[in-house]
Amino acid sequence: MEPFKDAFNSELIDGISRGLAQAYDDFDADRFERLAKEGLADLELKARSAQVGNALLATLPADFDSAAEIIERSLEDGGILAWAVMPVGFFVAERGISSPERGLGTLKELTKRFTSEDPIRRFIVEHPDLTLATLAEWVRDDDHHVRRLVSEGTRPRLPWSEQLKAFIEDPGPILPLLHSLRDDPSEYVRRSVANNLNDISKDHPDLVTELAAEWLVKASPERRRLVEHACRSLVKQGHRPTLEALGYGEPELTVDVFEVLTPTVRFGSALSFKVSLCSAASESQHLVLDYVIHHQKANGTTSPKVFKWKKLALAPGGEHEAVRTHKIRPISTRRYYPGRHRVELVANGRTLASGEFELEM
């Protein structure tokens with residue numbers, strides 16, 4: 001799979017240039033292409049986008065209203081699409097911030113073709129009242145991309161973007177927006193609402209737990225999926241109030257078998273373990289099973305990582321057997337070290353059993 005940064009190549013820049021030249025007779029295409037392509041291969045994704053955006057700042061009219069009209073004509077003609085929208089959003093955030101109403105209107109058009117979740121954050125920071133009022137109108141927009149921008153653009157901890165520190169401190173201003181979108185007909189939008197709440201849960205777990213309990217009252221299956229996805233980090237942490245709000249009480253189980261089937265794991269292969277459970281409850285119980293691998297670190301200590309496994313319901317006296325295989329291979333987010341590792345079985349946030357295995361590099 002090619003890195004995302006490779007989307008910003010000469011062909012994409014040439015496409016932007018042609019689209020703008022068709023919409024603006026005085027566009028200096030040669031200068032734009034020269035500035036946009038200079039040293040491009042040495043830059044990462046956001047730096048490439050910013051360089052193309054700076055080339056737009058140097059070649060589009062200084063008057064933002066005039067520049068916005070050119071951009072929007074190019075959008076209508078199909079001259080700017082997909083990844084090409086990203087540096088245009090950079091341009092709007094830089095030059096349109098002094099004309100916020102016009103700038104927000106242009107971001108609305110851009111998001112229909114790609115996304116404006118990153119550039120709209122500058123408008124939220126510098127023009128919070130106007131931007132939040134505009135987003136409150138967009139929750140009813142016919143285009144699901146625009147509605148998604150409401151929730152995705154206000155995420156306090158949106159990856160690869162500037163954090164919205166005001167919403168990390170107090171997410172109250174965005175909660176009415178999320179409430180308006182919780183039953184949106186688009187799964188695309190509802191998923192974004194869930195991701196926003198998951199961001200909020202990292203700083204305000206009790207708030208999200210209370211909201212989850214409220215939203216689950218007479219909830220549709222779609223809303224329940226939203227709430228469960230919103231609470232995924234809290235569930236992985238074993239946050240007891242959240243688990244109870246979702247209907248996962250204290251587990252009443254006996255563990256008949258917990259066996260590590262691969263006591264020695266060669267790096268690049270897989271860990272396997274076997275589980276056999278029996279319900280000790282007098283009523284049917286809903287369970288969420290996870291497992292935790294305590295990875296060896298360079299200093300000899302271990303670091304736990306929770307992995308999602310499955311959900312199930314067990315009747316009184318019901319049994320459940322399963323084998324889990326977990327690949328241990330190179331990934332970009334973790335460095336592995338040889339030595340003794342531990343794996344734990346967790347049900348509804350409670351550790352039920354554990355075993356060990358040796359990792360060989």
Side-chain angles (χ1 to χ4, degrees), residues 4 45-46 49-50 53 64 68 71-72 75 80 82-204 208 211 226 229-230:
F4 286 143
L45 174 65
K46 293 202 75 171
S49 176
F64 179 71
I71 290 170
E72 289 166 8
L75 290 172
I80 299 176
W83 284 101
V85 170
M86 189 173 177
V88 180
F90 174 91
F91 171 87
V92 175
E94 290 293 319
R95 187 157 291 167
I97 197 66
S98 58
S99 303
E101 290 187 14
R102 188 71 177 90
L104 287 169
T106 304
L107 291 182
K108 181 180 180 181
E109 294 306 312
L110 289 175
T111 209
K112 296 175 183 178
R113 279 84 176 176
F114 187 65
T115 180
S116 296
E117 64 199 39
D118 185 67
I120 201 171
R121 300 169 82 77
R122 184 166 177 187
F123 288 80
I124 291 171
V125 171
E126 298 194 26
H127 303 285
D129 293 340
L130 171 65
T131 306
L132 286 171
T134 302
L135 294 176
E137 296 175 0
W138 288 357
V139 298
R140 297 181 296 275
D141 196 87
D142 291 338
D143 193 303
H144 69 284
H145 293 287
V146 176
R147 301 196 304 275
R148 178 183 179 270
L149 179 59
V150 174
S151 53
E152 199 70 9
T154 57
R155 284 181 59 179
R157 296 180 176 273
L158 181 68
W160 306 105
S161 295
E162 175 187 1
Q163 292 185 352
L164 296 177
K165 297 187 183 301
F167 295 159
I168 290 175
E169 181 69 24
D170 176 18
I174 58 177
L175 294 182
L177 301 175
L178 303 181
H179 188 279
S180 296
L181 295 170
R182 66 179 185 174
D183 294 319
D184 193 275
S186 169
E187 172 70 16
Y188 181 56
V189 176
R190 297 195 304 272
R191 194 78 166 180
S192 176
V193 172
N195 288 335
N196 194 314
L197 287 172
N198 186 59
D199 279 7
I200 294 172
S201 75
K202 296 172 183 177
D203 304 287
H204 304 276
V208 173
L211 201 64
L226 183 160
H229 192 62

Are [X] and [Y] packed together at the side-chain level, in the sense that at least one heavy-atom pair is separated by less than 4.5 angstrom?
{"X": "F123", "Y": "T134", "answer": "no"}
{"X": "L149", "Y": "D141", "answer": "no"}
{"X": "L132", "Y": "I124", "answer": "no"}
{"X": "N195", "Y": "H229", "answer": "yes"}
{"X": "P100", "Y": "L130", "answer": "yes"}
{"X": "W160", "Y": "L45", "answer": "no"}

### Query
side chain to side chain contact (heavy atoms under 4.5 Å, CB included) between Y188 and H145: does it pass, once the steps are laid out?
CA-CA 8 Å; Y188 181 56; H145 293 287; 3.6 Å; yes

Can you tell me how far the [atom1] atom of [X] sits from the [atom2] atom of [Y], to the nearest 0.5 Å?
{"X": "S201", "Y": "R157", "atom1": "OG", "atom2": "CZ", "result": "10.0 Å"}
{"X": "H204", "Y": "F167", "atom1": "NE2", "atom2": "CZ", "result": "11.5 Å"}
{"X": "L158", "Y": "E117", "atom1": "CG", "atom2": "CD", "result": "5.0 Å"}
{"X": "T111", "Y": "R148", "atom1": "OG1", "atom2": "CZ", "result": "7.5 Å"}
{"X": "L226", "Y": "E187", "atom1": "CG", "atom2": "CD", "result": "8.0 Å"}
{"X": "R102", "Y": "L107", "atom1": "CZ", "atom2": "CG", "result": "10.5 Å"}

| request: Using ring-ring contact (aromatic ring centres under 6.0 Å, His included) as the criterion, list what pairs up with H127, not counting sequence neighbours. | output: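 H127: no ring-ring contact (aromatic ring centres under 6.0 Å, His included) contacts found.
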
Non-hydrogen atoms of [X] and [Y] that approach each other most closely:
{"X": "I120", "Y": "G153", "result": "CG2-CA, 3.9 Å"}
{"X": "R147", "Y": "W138", "result": "CG-O, 3.6 Å"}
{"X": "S161", "Y": "D118", "result": "OG-OD1, 2.7 Å"}
{"X": "V88", "Y": "A84", "result": "CG2-O, 3.4 Å"}
{"X": "A93", "Y": "R122", "result": "O-NH1, 3.2 Å"}
{"X": "S116", "Y": "L110", "result": "OG-CB, 3.5 Å"}

Please check if the side chain of [X] supplies one atom and the backbone of [Y] the other of a donor-acceptor pair under 3.5 Å.
{"X": "R121", "Y": "R155", "result": "yes"}
{"X": "R190", "Y": "D184", "result": "yes"}
{"X": "N196", "Y": "S151", "result": "yes"}

Specify whether W83 and F114 have parallel, tilted or perpendicular ring planes, treating 30° as the upper limit for parallel and 60° as the lower limit for perpendicular.
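The arrangement is tilted - the two ring planes meet at 30° to 60°.
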
Would you check, one step at a time, whether the test side chain to side chain contact (heavy atoms under 4.5 Å, CB included) holds for L75 with I71?
-> CA-CA 6 Å; L75 290 172; I71 290 170; 4.2 Å; yes

- Task: Could you walk me through whether D143 and K112 pass the salt bridge (Lys or Arg N to Asp or Glu O under 4.0 Å) test, one step at a time?
- Result: CA-CA 7 Å; D143 193 303; K112 296 175 183 178; 5.1 Å; no

Please report the C-alpha distance between R113 and E109 in whole Å, then the side-chain angles of each, then the deciding distance to 0.1 Å, and finally whether the salt bridge (Lys or Arg N to Asp or Glu O under 4.0 Å) criterion is met.
-> CA-CA 7 Å; R113 279 84 176 176; E109 294 306 312; 3.2 Å; yes

### Query
If you count the non-hydrogen atoms of other residues, nucleotides and ligands that lie under 6.0 Å from CD in E101, is the total more than 12?
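Result for CD/E101: open.
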
Just distance, no hydrogens or angles: give the donor-acceptor pairs under 3.5 Å from side chains in residues 170-183, sequence neighbours left out.
residue: D170; atom: OD1; partner: G172; partner atom: N; Å: 2.9
residue: S180; atom: OG; partner: P176; partner atom: O; Å: 3.0
residue: D183; atom: OD1; partner: R223; partner atom: NE; Å: 3.0
residue: D183; atom: OD2; partner: R223; partner atom: NH2; Å: 2.9

Output, in order, the C-alpha distance, side-chain angles, deciding distance and verdict of side chain to side chain contact (heavy atoms under 4.5 Å, CB included) for I168 and Q163. CA-CA 8 Å; I168 290 175; Q163 292 185 352; 3.4 Å; yes

